[in-house]
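Okay, structure first, notes after.
Below, chain A is the first sequence line, B the second, and so on; all start at residue 1. Being a predicted model, the structure only gives us computed values, none of them experimental.
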Number of protein chains: 2
Amino acid sequence: MTKVRIEEVAARAGVSAITVSRVLRAPEKVTPETRARVQAAVDAMGYIPNLMARSLASRRSGIVAILVPTVGNSIFSETVRGVSDAIAPGGLQLLIADFGYSDESIATLLRTLIGRQPDALVMVGVMRDKALRRMLGALSIPVIETWELTEDPIDTVVGFSNAAAGAAVAEHLLAGGRRRFAFAGGRDQRATARAEGFAAALAKAGVAAPLRAWTGPIRFAEGRLALDRILAEAPDIDALFYATDVLAVGGLLECQRRGIAVPERIAIVGLGDLDIASELSPGLTTIQVPAYEIGRRAGEIIVARLSGAADEERLVDLGFSLVVRESS
Amino acid sequence: MTKVRIEEVAARAGVSAITVSRVLRAPEKVTPETRARVQAAVDAMGYIPNLMARSLASRRSGIVAILVPTVGNSIFSETVRGVSDAIAPGGLQLLIADFGYSDESIATLLRTLIGRQPDALVMVGVMRDKALRRMLGALSIPVIETWELTEDPIDTVVGFSNAAAGAAVAEHLLAGGRRRFAFAGGRDQRATARAEGFAAALAKAGVAAPLRAWTGPIRFAEGRLALDRILAEAPDIDALFYATDVLAVGGLLECQRRGIAVPERIAIVGLGDLDIASELSPGLTTIQVPAYEIGRRAGEIIVARLSGAADEERLVDLGFSLVVRESS
DNA sequence: CTGAAAGCGCTTACAG
DNA sequence: CTGAAAGCGCTTACAG
């Protein structure tokens, strides 16, 4: 297939290139007869418009860029799916990049994404870097930060309060009579916020600061190892909050294996409400977060803005909810 | 930020646009002094090349398009990650689209992806539709089909034999003395191939055909429901093969809940070797598939081909392995 | 080693 | 309702 260009379709239909272009983008502006003739030529020749050329000429790329910590199995793929579902009907396409949880590569990735002239940008997380904030703010396209909240978004932020989630877990565990706490999670912004909210609520209640266990890449095994380390260091811990469900499930299963009674001897709480959380016995108490909804809402905001809607709120708090099951 | 164009950078550096372009793409062709002057201008002005214009002029988009059943939590995201890891060093970007397991939307999605002039295309699955096969074949870019095998790929296929995997499970279960079999899974090509391989091996051994349970969207709950239906219909089933681990885990947990002894009363086998398969007790016997490696290899083939390497094999069988744990 | 000209394949803005 | 001209921001291919 030597690629068909718009001029060739036009020649076949006996019209000009602009008319073909109109039939494809705004058919109502063309008489039915012309339209039919052009459409027939398009179909016969298998013409597929070159979107690169269209983007360059129209200054509209039709691309939404999304930057995620990892394009792998994880709760973020639900957010990606939400964005995809929201923008697909509008004919927008998704350009995806992952920074592998490595903050250094963010600047480079962002520049490459921006070079592609996206009509909007979605990122998991809130950008702290001043220079990058300035660069993104100057882009004059919708820039949606997600999965956290901030009073000062670059443009718009869609998420929930990770600190409040941590506090809600602390209050729940305190109400259940727990007194010796631990927190296990990684070093990223969101886990840190959850840990801080958790610790602050505990401090307010006058109990000892939680033991902090650091985890590596998010996998079930990391949750298991964190549990082992925590119990080795402080055997009397009676409540453990994991930054995410994957870790919590690993910890819960390890308890089953070691014969540690949950929730009697130790309460376990996660965050994310993965499908599996409710399938285990005991079921995992967890913070349910609107992962899909965050993406969906981000996508909807983008579609609205691109079709000329005025900016809505700059801060969209989608909240979270504590789902109490048998593990606490 | 009013966008900076290459002409403006050139003016500031006192050179022509082509020289700026060279500094960015082939710096060794420019004298060190000129290079430094241009680079300084680029940095000072925060110039980011317009990749749409570059793509149009160079007829190289730098984009790899990937079509997946769903951009959600699933084993395919490992494949996406593999592709991403392999192509990122080469500066290629990933345009992703999902067809939500709905075959009708594939043609439309494919045309939009192709309109973006990708330098290569990866798809999960093997394309059967004749017209689409012809269209993709005529594209003159690498087209990699994955997750299955076929003697007649459009271009190159990277995967493993789903039928052989099903047969391997059957043989393992037969060797363990099982005699009354069931299979649970969806209607997609891969699940179907697994079911067929499983049934064929059973037929060869002279045992009764397996009971077939159909499942919906892949979730733990679907595995649980399939188990319930199977045992209601045929209480004497002693071996159950699920098309994927998510379903199998759901079934395994349901057995625990209902007090059905695994593997004594019923053996359960999955496919995928998700992290959680080894964390459960009993551990889940499963077929380990090279999900990440499939993507990685597809990406490597693309990178090699785009840099002028001759075609390697058109059929890359990455195999699978049976991981026997306690559930069978 | 550097640059002027032409062109990539569309759409915009203006006419008629 | 339809089209001729100009231009989107780069790179290719050729000169010098």
Find out whether [X] and [Y] are in side-chain contact, i.e. whether some heavy atom of one side chain is under 4.5 Å from a heavy atom of the other.
X	Y	value
Pro142(A)	Leu306(A)	yes
Asp98(B)	Ser84(A)	yes
Val80(A)	Ile96(A)	yes

Carboxylate-amine/guanidinium proximity below 4.0 Å for Arg305(B) and Glu300(B): no
Please state whether the phosphate of dC1(D), meaning OP1 or OP2, lies under 4.0 angstrom from any side-chain nitrogen or oxygen of Thr31(A). no
Has Thr34(A) got a side-chain N or O lying under 4.0 Å from the OP1 or OP2 atom of dT2(D)? yes
Over all heavy atoms of both residues, which pair between Gly125(A) and Trp147(A) is shortest? Give the atoms and the distance, please.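 For Gly125(A) versus Trp147(A), the nearest heavy atoms are N-CB, 4.3 Å.
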Any donor-acceptor pair under 3.5 Å linking the side-chain atoms of Arg81(B) with those of Ser77(B)?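 Side chains of Ser77(B) and Arg81(B): no pair found under 3.5 Å.
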Would you mind building the protein contact string for nucleotides 7-16 of chain C? One character per nucleotide, 5' to 3', B for base within reach (heavy atoms under 4.0 Å), S for sugar-phosphate only, - for untouched. BBBBSB----
Can you confirm whether Glu313(A) is buried at CD, in the sense that more than 12 heavy atoms of other residues, nucleotides or ligands lie under 6.0 Å from that atom? yes
Give a yes or no on whether Glu28(A) atom CD has more than 12 heavy-atom contacts from other residues, nucleotides or ligands under 6.0 Å away. yes
Which string of ( ) [ ] | and . matches DNA chain C, if you list each base 5' to 3' and count Watson-Crick or G-U pairs only when both distances are under 3.5 Å? |||.||||||||.|||
